[in-house]
Structure formats: structure tokens, C-alpha cells
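Below, each value reflects all heavy atoms present in this structure, side chains not excepted, and no hydrogens, waters or symmetry copies. Note that the structure is predicted; figures quoted are calculated from it, not measured.
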Amino acid sequence: YVELLGKETDTNAHIRSQGYNDIISQYPDMKQVAQQSANWSQTEAFDVMQTIIQAHPDITGVISGNDTMALGASAALVAAGKSDVIVVGFDGSPDVIQSIKQGAIKATVLQPAALLATTAVDQASVYIQTGVAPKEEKQSIPCDLVTPENADQFGVFARLPETAAPEATPAVSDVPKGNGELIVIITPAHDNPFFKAEADAADAHAKELGYTTLLLEHNDDAALQDQHFDTAIARKAAAIILDNAGADASIAAIQKAKDAGIPTFLIDREVNATGVALAQIVSDNYQGATLGAEQFVKLMGEKGTYVELLG
């Protein structure tokens, strides 16, 4: 099989790959023939996959570090006449869920972007209005396996309301309201549907709670992210919601905001420091990866050659 990996600076890429390999390594008849990064990109994954197909024309599976790469890999396989190769992704994007319903991509793991974002906004609002910080800085939210059998239960990076557990959708009335204070929401580029979904969810929920918002994109550029933090500080933001541009490269900017009295609530990606951000709210990437890997092994019949695509 083949594994497509994520960005090397993104801790999520490594955690997912570890989860995949901890499961798949238990099956001696599963043979990884390539492990390559495609930088979370659909276009790069398509190109990488074309090269891999030429070198390993007999692969039977692809496990991908995210859904955009899974889509690129699937398209390359279809173009090469290899639509029977098993492809499993990670994210739970609407496009991949639709592909699962159509029988192309076989499974994905949904990480709840909307829930990460709204949880961060709720905690920011509590802190802004009461000064009470979250009980735990590092918080992890479980992922869900998406297959043809349950694909109808999911919407835009979230379970549909009628299928969600009550605790996953806290009532707005339970959270203290804002008075027009500014919450700055900084994420990677919105051309990736996951990052757009989390930004949109945070924006809508903050406005619902009575805050004004400013949405900024850092494009995984730590220098640009630093400029956005300067903007937030200059505008005297009450809080920052951040999906960061690097586990190490982001620490100084978060500390700068903290020194200015502005708390940062991280979503999706952790940083390699504690006590700087007020909260780090992430999907349980390892748990999700093991779910995806177990399904991948099952679909592969516990044998075959595969590729892993990293972000």
C-alpha cells in the first residue's frame, strides 16, 4: 500500500501517520511500498500518485493523511484505470463523504471542525465575561469513522444535529453573551474546506453570542500569522481563535498576544509549548487514525501493497 503524509511541520501529520502504522504493522501481509508527503494538497497528491503508480503499478491501497490528498489520489487512480484501489482519507469533508456514497473513496475519519471552533468560542466568551479559564489547557475531541453505512449521518465536518449527542451541541443560553467585543479568528487558507468550515463556524457562533469578528488567513506562513497577531493586538481584540501556522513557529506570536492581555484559543493544531495559549482544543488524531487504519485493513482483506500519503 501507499501512505500520503501531511506537512512535516504539522504535528497532526505525524500523529496520524503513527496511528496508521501502529495498526497496520500488526498485519504482516500488508506491505507499504511508498510513504510520501503531498502537503495536504489535492493537486500535489494527484501528481505524487501518478508517479507512484508508474513505480508501483500493482498497489491495492492508499491511506491518506487528509481528504484533499485522498481526492487527488483517487482522481489519479481513476485516470490510470485503477478505480478498484482502496482509498481511505481523514477529515470527513463533504466532497469525500459524497465520494463514499458514490462508492469511489471507501472511508474517511471525520474530525469535528465545527465543534472545535464553537467550543473555542464558548470558552473564549466565558473567559472574556467572567475571567474563568478552561479547566484543562489541552482538550481532545474524538473523531468518527465514516463509511457507506453511516455517511448520511454527517454534514459539513459535523454530525447532523439529529444524530449528534446532546453534549456535543451545548445551548447558546448556557454561555455568557458578549457586548460587541472583538474576537479575531486566524486560520490557514479557506480554499481548504476544513479550514473554511472551522472559520465559518467560529465566526457564526461568535456573532450569535454578541461579538464582532475579524477573519484572517495565514496560508501556513508564520510571518504572515505574526502580522495578523499584530493586527489583533492593535485592534485590542478580546480573544484570538487560532489554527496555527507551525507548532514551534507560532509560540512567539501567542506569547506576544498573552503579554498584551489577549488570550489565544488554539483549535485543530497544537503548539509545542504549554502555558502560552489558554486552550488547545484538537481532534483526537491518534484515535481517529486508528479507526481509519482498522477500516483500511478490513477493506484490504488484511493483505496487499499500499501507499501512505502524508500532509
Any side-chain heavy-atom pair of Val62 and Met49 under 4.5 Å: yes
Side-chain touch Tyr127/Phe265, heavy atoms, less than 4.5 angstrom: yes
Identify every side-chain donor-acceptor pair in residues 71-91 under 3.5 Å, counting partners at least two apart or on other chains, and give the distances.
| unit_1 | atom_1 | unit_2 | atom_2 | d |
| --- | --- | --- | --- | --- |
| Lys82 | NZ | Pro57 | O | 2.8 |
| Asp91 | OD1 | Gln111 | NE2 | 2.7 |

Sequence-distant partners of Asn219, side chain to side chain contact (heavy atoms under 4.5 Å, CB included), two or more places apart: Ala189, Glu217, Leu224
Gln32 backbone acceptor or donor facing Gln35 side chain under 3.5 Å: no
Any side-chain donor near an acceptor of the partner, Glu208 and His205, under 3.5 Å: yes
Where at least one partner belongs to residues 41-54, residue pairs that pass side-chain hydrogen bond (donor to acceptor under 3.5 Å, both in side chains), sequence neighbours excluded: Asn39-Glu44
Counterpart residues, side chain to side chain contact (heavy atoms under 4.5 Å, CB included), relative to Lys138 (two or more places apart): Glu270, Thr274, Gln280
Check: His218 main-chain N/O paired with Asp221 side-chain donor or acceptor under 3.5 Å: no
Student check: side-chain heavy atoms of Lys106 and Gln295 closer than 4.5 Å: no
Least distance between heavy atoms, Asp284 atom then Ser140 atom: CB-OG, 3.1 Å
Spacing of Gln123 atom CD and Gln139 atom CD [to the nearest 0.5 Å]: 4.0 Å
Partners meeting side chain to side chain contact (heavy atoms under 4.5 Å, CB included) with Ala202 (sequence neighbours left out): Ala117, Val121, Ile185
Student check: side-chain heavy atoms of Asn192 and Asn66 closer than 4.5 Å: yes
Sequence-distant partners of Asp144, salt bridge (charged side-chain N to carboxylate O under 4.0 Å, His left out), two or more places apart: Arg159
For Gln102, all residues meeting side-chain hydrogen bond (donor to acceptor under 3.5 Å, both in side chains), sequence neighbours excluded: none
Members besides Val271 in its Ile/Leu/Val/Met/Phe/Trp/Tyr cluster (side-chain heavy atoms under 4.5 Å): Leu182, Val184, Ile186, Leu214, Leu216, Phe229, Ile233, Ile240, Leu242, Ile251, Ile254, Ile262, Leu266, Val276
Between Ser250 and Gln225: side-chain donor-acceptor atoms closer than 3.5 Å: yes
Step-by-step salt bridge (charged side-chain N to carboxylate O under 4.0 Å, His left out) determination, Arg269 to Asp220: CA-CA 12 Å; Arg269 300 169 175 175; Asp220 285 312; 2.7 Å; yes
Approximate separation, where rounding is to 0.5 Å, of Phe154 CZ and Leu160 CG: 8.5 Å
Residue pair Arg16 / Asn285, side-chain donor-acceptor N/O under 3.5 Å: yes
Thr290 side chain near Asp22 side chain, heavy-atom distance below 4.5 Å: no
Main-chain N/O of Glu181 paired with Thr212 side-chain donor or acceptor, under 3.5 Å: yes
Salt bridge (Lys or Arg N to Asp or Glu O under 4.0 Å) contacts touching residues 186-203 (sequence neighbours left out): Lys196-Asp200, Asp203-Lys207
Gap separating the CG atom of Asn12 from the OG atom of Ser283, nearest 0.5 angstrom: 7.5 Å
Side-chain donor/acceptor of Ser64 to backbone N/O of Asp67, under 3.5 Å: no
Atom pair CD1 (Ile267) and CD1 (Ile141), whose distance is rounded to the nearest 0.5 Å: 10.0 Å
Donor-acceptor under 3.5 Å (Ser17 side chain, Ala13 main chain): no
Other residues, nucleotides, ligands: >12 heavy atoms within 6.0 Å of Lys101 NZ: yes
Donor-acceptor pair, side chain of Ser99 and main chain of Asp95, under 3.5 angstrom: no
Note, Asp230 side chain near Lys256 side chain (heavy atom, < 4.5 Å): yes
Those residues that, when tested against Phe157, pass ring pair (Phe, Tyr, Trp, His ring centres under 6.0 Å) (two or more places apart): Phe194
Side chain to side chain contact (heavy atoms under 4.5 Å, CB included) partners of Ala249, counting only residues at least two apart: Ala222
Remaining members of the apolar cluster that contains Ile15, side-chain heavy atoms under 4.5 Å: Tyr286
pair Thr68-Ser93: side-chain heavy atoms closer than 4.5 Å: no
